[in-house]
Each structure stands twice: as structure tokens, then as C-alpha cells.
Amino acid sequence: TALRELGLPLDPPRKLWTREECQQLERAGIFDQQIFELIEGELFNKRGKNRPHALTMMCVLKWLIQTFSIEFVNTETPINVSPEDNPTSEPQPDLIVFRTAAKQFRSVSPSGSDLRLLVEISDSSLKFDLVKKGRLYARAGLSEYWVVDTTGRRLIVHRAPKDGMFQSITEYSTSESVAPLAAPQSPFPVADAFAWDDYSY
């Protein structure tokens, strides 16, 4: 195009943020960590999650608490990622399962090695959660990452992080079950993530 030939950018310049800058804005009362999530220097609005997202999250949370007990499970908690990603990324996964009791992380964020399982509930954010967040979590060395696809009614299980990628990615349908690595004796029926479909709200 003419703009390319002139060497002009097609997109306006964007400001990439760091954790330190966000913390400064938060202290000044400008930034709210409950609203925004920092991923690779960009701020993403976490609000506006639809009812299927919220209800699916409730169903998975119930199972996680039953399987691991409540003191090991948190919702939407900031985590640390790899040293190279940490300055510009502070993801807040929908659900995480700690290796030790969550109360030990009152003043610090957990890292990948502190977590047994991480779960994102996805609808419109599916590609973002599978690709961008998937690579971020693999680089962080997370042993197991689940993506619950509310539209496709499936569970996508990521395991074996190596060289910034998960080496094992497996899809499970609502007719199947899968047990997390940290609880091999407790298979999760994928259909249970969508159990709210059986009720009227």
C-alpha cells in the first residue's frame, strides 16, 4: 500500500507496560488489578465475563475443592512467570491449585513450580488462552495447564513443558474423563464442567 511504500506505520504506537509501572499506578489509585491483567506488556480487561464462563468456573472450582481441598485452591490470583517474562506479564488465571497451602503466599505471588494445576475458562478468549497464555505458562514451567472451552464443550490439557512449549496437548470431550497429574486417582468428568446446563437459571 501507499503507506507501506512511504515507510509509515499502519497502526498507531502503543504503550507497553511493565509490572513496576502498574504497581506505581495502583499505589496512585489509577490502576485496579482486579480489572486489568498484564500480559506481555499489554493490559487486558478481565470484566465482562458471560454467564457460561461464570457457571463453568463454579462447576470446575467445586470439583477442584473436592479433589484438593479448599486450602490449596485459589481463584483469579496473580502468579509469577519465567524470569524473562515476569517484568511485563502478571497473569491472573481463573483457577490455580497450589502444591502447598495457599496461606503461605500472603505477601508473594506463586511461581510455576509452586503450582500443581492451572485452569483457564475460555469462550471468546480461547485462542488467546491456547496460544499466548499457553506459551507464557510453558515458559514458566507449569507442569499442567487446562483450558475449558465453554463454546466447544471440551477440555484441552497441556503437559510436559519444554523449550517454551507444551509437548503434550490433548483434547477431551464431554464423554471422557481425565485425571490431573497431581491427583491420578481422581478423574474429572469433562461433562461436569457444564453441569449447569441441566438446570434452569
Side-chain angles (χ1 to χ4, degrees), residues 9-19 22 33-61 63-64 74-82 84-97 111-112 115 117-176 178 180-181 188 190-194 196-197:
L10 296 179
D11 297 316
R14 292 182 294 174
K15 161 67 179 170
L16 294 180
W17 298 90
T18 66
R19 273 192 177 195
C22 290
Q33 192 180 58
Q34 300 302 313
I35 299 176
F36 295 101
E37 182 179 36
L38 179 67
I39 302 293
E40 295 183 352
E42 296 186 90
L43 293 173
F44 294 89
N45 194 323
K46 299 194 303 172
R47 286 190 172 173
K49 294 176 180 176
N50 59 30
R51 291 302 293 160
H53 182 287
L55 294 169
T56 299
M57 182 170 163
M58 177 186 69
C59 291
V60 178
L61 175 61
W63 182 84
L64 290 176
N74 267 185
T75 62
E76 299 181 314
T77 300
I79 68 169
N80 288 320
V81 283
S82 68
E84 62 268 27
D85 290 320
N86 225 39
T88 57
S89 293
E90 190 174 23
Q92 299 176 47
D94 288 317
L95 300 161
I96 62 174
V97 180
S111 300
L115 305 176
L117 176 64
L118 185 154
V119 183
E120 295 281 11
I121 311 299
S122 300
D123 34 71
S124 60
S125 65
L126 181 62
K127 183 178 179 181
F128 180 77
D129 290 335
L130 290 175
V131 179
K132 186 163 284 195
K133 279 194 170 181
R135 291 173 182 168
L136 192 67
Y137 294 149
R139 292 194 296 269
L142 190 76
S143 60
E144 186 163 15
Y145 170 43
W146 288 8
V147 176
V148 182
D149 175 10
T150 62
T151 303
R153 293 293 196 273
R154 57 181 176 155
L155 171 63
I156 306 164
V157 175
H158 301 67
R159 292 172 174 167
K162 183 180 179 183
D163 300 328
M165 300 287 286
F166 285 104
Q167 304 304 304
S168 171
I169 302 176
T170 308
E171 294 184 18
Y172 295 87
S173 70
T174 52
S175 63
E176 298 176 291
V178 58
L181 295 173
F188 172 62
V190 176
D192 283 7
F194 312 105
W196 54 268
D197 255 355

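Worth knowing before you read on, the calculation uses all heavy atoms, side chains too, and leaves out hydrogens, waters and symmetry mates.
Salt bridge Glu37/Lys133: present, at least one basic N to carboxylate O contact under 4.0 Å.
The heavy-atom pair separating Met57 from Glu76 by the smallest distance is CE-CG, 4.2 Å. When every heavy atom of Ser111 is checked against every heavy atom of Asn80, the shortest pair comes out as OG-CB, 3.6 Å. For the residue pair Ser89 and Val81, the shortest heavy atom distance occurs at O-CG2, 3.9 Å. Between Leu38 and Arg19, the shortest heavy-atom contact is CD2-N, 3.6 Å. Counting all heavy atoms, side chain and backbone alike, Ser168 lies closest to Ala160 at N-CB, 4.4 Å. Of all heavy-atom pairs spanning Asp94 and His53, the tightest one is OD2-NE2, 3.5 Å.
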For the pair Ile35 and Asn45, evaluate side chain to side chain contact (heavy atoms under 4.5 Å, CB included) and give the outcome as yes or no after the intermediate values. CA-CA 6 Å; Ile35 299 176; Asn45 194 323; 3.8 Å; yes
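In summary, the side chains of Glu120 and Tyr145 do not present any donor paired with an acceptor at a separation below 3.5 Å, with no hydrogens or angles considered. A donor-acceptor contact closer than 3.5 angstrom is absent between the side chains of Thr151 and Asp123.
Evaluation of the salt bridge (charged side-chain N to carboxylate O under 4.0 Å, His left out) test over residues 135-145, restricted to residues two or more places apart or in two chains, returns Glu40-Arg139, Asp85-Arg139, Glu144-Arg159.
Ile169 is linked by a side chain to side chain contact (heavy atoms under 4.5 Å, CB included) to Ile156, His158, Phe166, counting only residues two or more places apart in sequence or in another chain. By the salt bridge (Lys or Arg N to Asp or Glu O under 4.0 Å) test, Lys162 pairs with no residue at all, sequence neighbours left out.
Leu136 contributes atom CG, which lies 6.5 Å from atom OG of Ser82 (distance to the nearest 0.5 angstrom). Rounding to the nearest 0.5 angstrom, the gap separating the CG atom in Leu130 from the CG atom in Asp149 is 7.5 Å.
Ring geometry for Phe128 against Phe44 counts as tilted: the plane angle lies between 30° and 60°, on a 0 to 90° scale.
You'll find the side chain of Ser173 stays beyond 4.5 Å of the side chain of Arg154, heavy atoms only.
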